[in-house]
Amino acid sequence: MFPIERIRNFSIIAHIDHGKSTLADRVLEVTGALANREMQAQFLDKMDIERERGITIKAQNVRLSYKAKDGVEYRLHLIDTPGHVDFNYEVSRSLSACEGAILVVDSTQGVEAQTLANVYLALDQNLEILPVLNKVDLPSSDVDRTKEEIEQVIGLDTSNAVPCSGKTGVGVPDILEKIVQLVPPPKEAAPGGPLRALIFDSWYDSYRGAMVMVRVVDGVLKKGDKVRFLATKRDYEVTEMGVFTPHALAVDELGPGEVGFFCANIKSVHDTKIGDTVTTATHAASEPLAGFKDVKPMVFAGLYPTESEAYPDLRDALEKLHLNDAAFSFEPDTSEALGFGFRCGFLGLLHMEIIQERLEREFNLELITTAPSVVYHVTKTTGETLRVENPAMLPDPQVIERIEEPISKVTIHVPAEFVGAVIALCQEKRGVQLSMTYASKDRVIIAYELPFSEVVFDFHDKLKTCSRGYASMDYELTGFRADKLVKVDILVNGDPLDALALIVHKDRAYHRGRALTEKLKEFVPQQQYEVAIQAAIGGKIIARETVRALRKDVTAKCYGGDISRKRKLLEKQKEGKKRMKSVGNVDVPQEAFLAILKVTD
Amino acid sequence: MTAAPLLVYVHFPWCLEKCPYCDFVSYPTTREALDHRGYADAIIAELGARVARLRGSFELASVFVGGGTPSLWEPAELARVLLAIRAALGGGDVEITAECNPSSLDEPRARALLAAGVNRLSVGVQSLDDARLTFLGRLHDADGARRALSDARRAGAARLSGDLIFGVHDEAPEVARDEALALAELGLSHLSAYALTIEAGTRFGDLARRGRLPLADDGRVAESFIAIDEALTARGFEHYETSNYARSGEASRHNLGYWRGHAYLGLGCAAVGAAPTSQGFVRYKNPLSPSKYVAFANQSAPDDALAMLEPLDAETRLRERIMLGLRLAEGLELASVGDELGVVGWTDARRRVADKLIARGRLERDGARVRVPRPSWLFADGIAAELF
């Protein structure tokens, strides 16, 4: 058994792009875990999409062996964390397996919104936080200013802060020394008690079934053990155990404070509840470890195959992705306009984009995605309450007592010169200012309460635009609040296009309705009859556009020399028609559905 | 085995001047500059090669000499070509049409054409209004058109057709209708009325692309189409194809042949043919420049010099038959067309679409035939595409 006092469990936390993954790779290199030739940039980001987008989606973790300057061999567990706000839940889980966190702050950028958010998560877990100032190799690096910001904004002592560069490797050995010195070793919660290990991650392996990542708190987990999952009350036999070094390495036991994985013929990740406590079946612990809040999808969108024959393929693909991503939900859905598809729930917009991209790239599916919508709480006049994930499902306005929408607290870090623009944007998005503080003389932290639907829609893009890319943001959901919300239906010759229905604030409905009908008109081809495109609230039409009837669709001359060209034109027309969806008797091309998602205020 | 009808199209790729709307292959020239004899020789050479490659049993039904302006061609050379065609392909009562422009058609020329074997004249009148003729870039005026038609009649052309273009930007539907009636009054047995179509690569096409061409409103063009249909049918003309009207029995057998899916040989520069050959059923287009064509014809028409060669499988030909058949008042018998080509005409998908079209009044069934009802003729392309 490795002595617990020589174990150090730590995470690296950072704002996106502050160099977390590069620094993690350096740590692997310095401890000799990876030979140089194995170094592929950002080793820990395993998925192609992660590497391409430069973000970490699933947390990875590694056991490292480190001989410190005191001559003692330490066992380090580096628990990598995702960097994006959509995956906050994964961050806090990873942190729960640690006693310390390295806070990476880009010394050319300073403290950003997610820096702060992640620090708060780490403080919640009582972690020792070790600030490091990254990218000191760059000419624009300003170590003193960054330290000042960390002290002022976060309130962390920076006397131990290490200047470093993930790119050149400068300062990395110092970081390892500080970890050994400052991060406390793990402690058993109930020494001598039965086995208790916290499940903080799981994933699916097509040969072994669900794999479970645990942090052992009390006792020892051994290969061959009969274990019990306390929450699900199911027993399994541990068939394989291991750690990542970063290559998988089989081990026979994991002692207190250690981090590793096991498999036990578990069919799916849904049988492994993250936050559950693993104990031994024969000598079960009575008290579970503190778990996690269940994460619930907050953003919903319809995913439809462009070709209806691809529906079974889409279902299979969603099932496969679901195996590995419990935070993502899907259920069959039917749209009048788009046919058979699925209503999918995501943690946020990035999560949605990633799932969509993986479906298209890894499963070769062509998809139509409807505009993302948040969850609304609806109270009917009868007193009945509903959770509405799809605007098309909203009951008639007459039977609605009130609609509540999710509210989020958005924290924005921005250079002072863009404050005016950011405030204007937040006001436009129905925001209520909570606070405005100066992080330093030219950087401002603005907190706003914003309806989450506004954040989901295009807030991030607009924020980046109005601050020339300098603003960073983070959000957390704070609750639900009633407002004057209405459903806007889009009708084509009187038939509703359910996939385009949306819930908006009453004051915006007219404007949005007009923008949508105008956009749709561009894409609906002339047909043999007039087509009316309308926006309506309840039965009341608020905007109308007309696509004039086609008056003439016949070639004047069609003789021997014209036949091939004409036939090819009609073949193309027929092909195009296949990709149209019939709404009533009107053919609407798929581009119309896509284009309309890009309509902004 | 009964012989199938065969059409022969001869292209004459020269005009005195190129019209701004025309997208046929045609080069401006003077009559004197042409090698009348050399071109006839090339065509006769090509004919030999084409007939040698033709597979199946055919009977010549029609020859159509188009252009360009075939009335510029020395009638004696045209006569040689026609004789060669008859010698190679035989045929009994063969319709032989020559296209003429009013500016190159007078009584002696008409007589010479008839003497050369032509028995039907198609005259490019286009309009009987001087301003519109100028807009259309024509070399003749309204009087010239009238004179050419009466000369042709005097020369003994019993089968006389006139072309009309309607749908010019400033033309009211009643004006188009009256013009069609006036033209029909000039002793025609056949009239083609074409909606002006702006084609890419023409002078009108270039102007339109740059927004410099006044264009007619589609609705008004549609109204003109309907007005002409009503007026001419009231005068005893049969509206037998989208753009074609004929006195009883006077429909162009040649063009009906295209629409009914008969095989055709194309001879001459830029001519298009579609026929069963030793390589299967193919459509080809001859070289586009006269000099390249002459060289090609004299080397017994090698395929690699062609402007286009397209093998047509049975399904493709079926789609063409649908597209062409639905242009005709008679429509088509889809089941027997399928049988003829060895494929299924009425697939389940087509049946479903046809039922939908019938319910919407876009298609009608008459025994084994389907056709587009007259009020829906203006939408024939979309209807055909649905049945593809």
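In what follows, chains are A, B, ... by sequence order, proteins preceding strands, each numbered from 1. The structure displayed is predicted, hence computed values, not measured ones.
Counting heavy-atom pairs under 4.5 Å between each of B:Y258, B:F64, B:F379, B:W377 and chain A puts B:F379 at the top. Chain A forms more heavy-atom pairs under 4.5 Å with one residue of B:R327, B:H11, B:E386, B:R319 than with any other, namely B:R327.
Looking at B:S376, there are no atoms closer than 4.5 Å to chain A (heavy atoms on both sides), in backbone or side chain. Within the 4.5 angstrom heavy-atom criterion, no atom of B:A274 approaches chain A. For chain A, the nearby part of B:F24 is the side chain; its heavy atoms alone come within less than 4.5 Å. Interface residue A:K566: backbone and side-chain heavy atoms are both found under 4.5 Å from chain B. Residue B:R220 does not touch chain A at all, counting heavy-atom pairs closer than 4.5 Å.
With hydrogens and angles disregarded, no donor-acceptor distance shorter than 3.5 Å links the side chain of B:D218 to the backbone of A:R551.
Atom CZ of A:F363 is surrounded by more than 12 heavy atoms from other residues, nucleotides or ligands within 6.0 Å. Counting heavy atoms of neighbouring residues, nucleotides and ligands inside a 6.0 Å radius, atom NZ of A:K568 exceeds 12 of them. Counting heavy atoms of neighbouring residues, nucleotides and ligands inside a 6.0 Å radius, atom CZ of A:R468 does not exceed 12 of them. The neighbour count for A:R548 CZ, taken as heavy atoms of other residues, nucleotides or ligands under 6.0 Å away, does not exceed 12.
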A:R567 and B:L312: side-chain contact (heavy atoms from CB on, under 4.5 Å), yes or no, with the steps?
CA-CA 12 Å; A:R567 183 200 77 234; B:L312 297 174; 3.6 Å; yes
Between A:K557 and B:T197, is a side-chain contact (heavy atoms from CB on, under 4.5 Å) present by the stated rule, with each step listed?
CA-CA 9 Å; A:K557 288 191 179 190; B:T197 308; over 6 Å; no
Please step through salt bridge (charged side-chain N to carboxylate O under 4.0 Å, His left out) for the pair B:E199 and A:R565, ending with a clear verdict.
CA-CA 12 Å; B:E199 303 282 1; A:R565 182 172 70 123; 3.5 Å; yes
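The minimum heavy-atom distance linking B:V272 with A:G560 is given by the pair CG1-O, 3.7 Å. Nearest heavy atoms, B:S243 versus A:A556: OG-O, 2.7 Å. Contact between B:L324 and A:C558 at its shortest, heavy atoms only, is CD2-SG, 3.7 Å. Taking each heavy atom of A:D553 and B:G382 in turn, the nearest pair found is OD2-N, 2.9 Å.
To the nearest 0.5 Å, atom CE of residue B:M323 and atom OG1 of residue A:T555 are 7.5 Å apart.
Every residue two or more places apart in sequence or in another chain was checked for a side-chain hydrogen bond (donor to acceptor under 3.5 Å, both in side chains) with A:N493, and none qualifies.
Among pairs with a residue in residues 524-537 of chain A, those fulfilling salt bridge (Lys or Arg N to Asp or Glu O under 4.0 Å) read A:E530-A:R544, at least two apart in sequence or across chains.
The cationic atom of A:K574 (NZ for Lys, CZ for Arg) does not lie both less than 6.0 Å from the six-membered ring centre of B:F388 and within 45° of the ring axis.
Classified by interplanar angle (parallel below 30°, tilted 30° to 60°, perpendicular above 60°), the ring pair A:Y559/B:W259 is tilted.
We find that A:K552 and B:D381 are not joined by a salt bridge, their nearest charged nitrogen and carboxylate oxygen being 4.0 Å or further apart.
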